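Structure record follows, encoded as structure tokens.
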Amino acid sequence: MKALHATLALAVILATLAPARADERLVLAVGPRSVSLVDSDKLDAVLSEACVPPEAHCQARDALARAKLLATQPRRPSPFAGAENGALVCRELGGAVTMGRDPKGNELGLCRFADDSLVGSSSLAAAARPHEPPANRALRKAKSPSPK
Amino acid sequence: MQVIRLTSVLALALAMHATCPLALGDEEKLSEQDKAAKAACTTIGADVTSPPSLPADYPVRSQGDFNACQSYTATLMADSWLIKNKKVAASYRTSPVASYFRFLKGKGATLDSERLGDAFGGTPSSSLDVAIRPPGKACSNEALKDIDPEKFFDYSEQLRKCQVRYKALLADASKNNKTVDDNARAALLNEAQCVIANELKVKGLAYDSLQLAKLLESKHYGDILYDIIDKACAKPGMEVATDGMPALTEVSLYEQKKDATGKFSYKLLPENFSKIKKSVVDALSAGNPAAMAYCSKYLKTTDPEDLEMIYPPERPNAFATYATTSKFDVPKLTEKCGPHVSPVTRREWHNGACMYLVHNSWGMDCKVYDASRKKNCDKGKLWVRENELFENIISVSTF
């Protein structure tokens, strides 16, 4: 029994000590310009390199926080539900939708703010993913007909 | 000492299992049923044949602000045909943006009142038929590669305002029976030229003042943008002949009819459930992709409780099953489920299940998807379980 406890404890320690995924640097062409972005593990977002340090103040990073607030509010569904979610959130937060392209032609939707900072539109979409309050869920479940 | 050794070995095994759940040894864990399913799930697809009709590194696109999934899907379908039939090199890519504008032009969108990105959607077959096949040419991605889509929206709005002022200048002169103020006209033409040449950055695109004046006198604002796209595509080496490219054949779960009053009615075609799957498998077996129309909501969430908002609780994951019930209501259902179009390019036994690769057009990362979907997401391309895929396809189009 003691050995099992020790095993579990060690497994927990190992999992805790496991290094976080390293931030990945992306250099993308946006129209004729080249921009440096970082896929930050901590922020779970792709954003301008200058926005990554914790002390950085930039609108792209603020937008991520604002997107999280959107997640708690009731949203009007888009008439184009097949559209890229992030592009819709970007516009809602006052950004301009643009596109980054890697040398192989893979594209990443980006959201640009007035201070020229960028955040991945899918990062905004992830932050703004609706989280239905548990109370509403319970209510809806209670109203649903029982499975046949 | 032995306890420490045992602990280390167990911890290592646990850690390995956590990081690699499908490590060696899982083969023996398959049930007889799974073994049969695996044997039936042969690897087929557009990048499997030799040479492939679609290179494995075919890029993942991002439709961004354009409501144009149908054009992104149609360009992949067109590229696979062009590559397979040796009309182009494997590195050739058709421009989805040019295809989208040609689709809008073909559909007669004036863009006078619509926001550019919201004009309207369509099916891959309509996009291919309107934008790529009948013009007899596909426009290369190179033609528009320097356009920054963000600027395109901004500066196309500048052009729109320029057109409004130019037309007002002409109308004012006509109303007051006087000649047009040459200085004002020259200033507006110069402004439009600047926007096209310097801001839109369509390389090598120039209009003389007569052409420009004609452009600004266009009846609809859309005509200006269509002319710019056509001119950019007409530059040497930017267009590829599409002679011989067949139309896409569509198999749909329902038939849509419009009556004399313009009201739509929908007739379910249950026999097409199995035809859709056959159509996808046949296309992949022949080394071609298949374009599927489906509910995008199921890609955004795998939470059954979220999906209950779309589907009835008894079958929370099944568009197809829902379609067979008396509640079948296409407009209501599609409004909830988020109609979307993507190509399917490959089938293989993947992560312990028979899966299909969906080449979505929402960009090259996986952040938009929820945790369970992310596990089967590879740089924006998604592996989707066979049953889940076919329960959510509304129609499929193949060559």
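The structure displayed is predicted, hence computed values, not measured ones. Below, chains carry the letters A, B, ... as their sequence lines are ordered, and counting in each starts from 1.
- In this structure the side chain of B:Met364 reaches within 4.5 angstrom of the side chain of A:Leu28, judged on heavy atoms.
- There is no contact between B:Lys381 and chain A, counting heavy-atom distances below 4.5 Å.
- Annotation for B:Lys374: atom NZ counts as buried by contact number, over 12 foreign heavy atoms lying within 6.0 Å.
- Contacts of A:Ser121 with chain B are absent, with no heavy-atom separation under 4.5 Å from either backbone or side chain.
- Residue A:Ala29 does not touch chain B at all, counting heavy-atom pairs closer than 4.5 Å.
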(message) Between B:Asp365 and A:Leu108, is the side chain to side chain contact (heavy atoms under 4.5 Å, CB included) condition met? List the steps.
(response) CA-CA 7 Å; B:Asp365 74 11; A:Leu108 184 68; 3.7 Å; yes
(request) Dump the intermediate steps for side chain to side chain contact (heavy atoms under 4.5 Å, CB included) on A:Asp39 and B:Lys367, then the final yes or no. (result) CA-CA 11 Å; A:Asp39 185 351; B:Lys367 295 186 192 301; 3.0 Å; yes
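- A side-chain donor-acceptor contact under 3.5 Å links B:Ser62 to the backbone of A:Gly109.
- A:Ala87 and B:Gly64 get closest at one heavy-atom pair: CB-O, 3.4 Å.
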(message) If you apply the rule side chain to side chain contact (heavy atoms under 4.5 Å, CB included), what do you find for B:Tyr72 with A:Glu107, and how did you get there?
(response) CA-CA 12 Å; B:Tyr72 282 81; A:Glu107 296 172 341; 4.3 Å; yes
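- Within the 4.5 angstrom heavy-atom criterion, only backbone atoms of B:Ser361 (N, CA, C, O) approach chain A.
- Considering only heavy atoms from C-beta on, A:Asn106 stays 4.5 Å or farther from B:Lys379 through its side chain.
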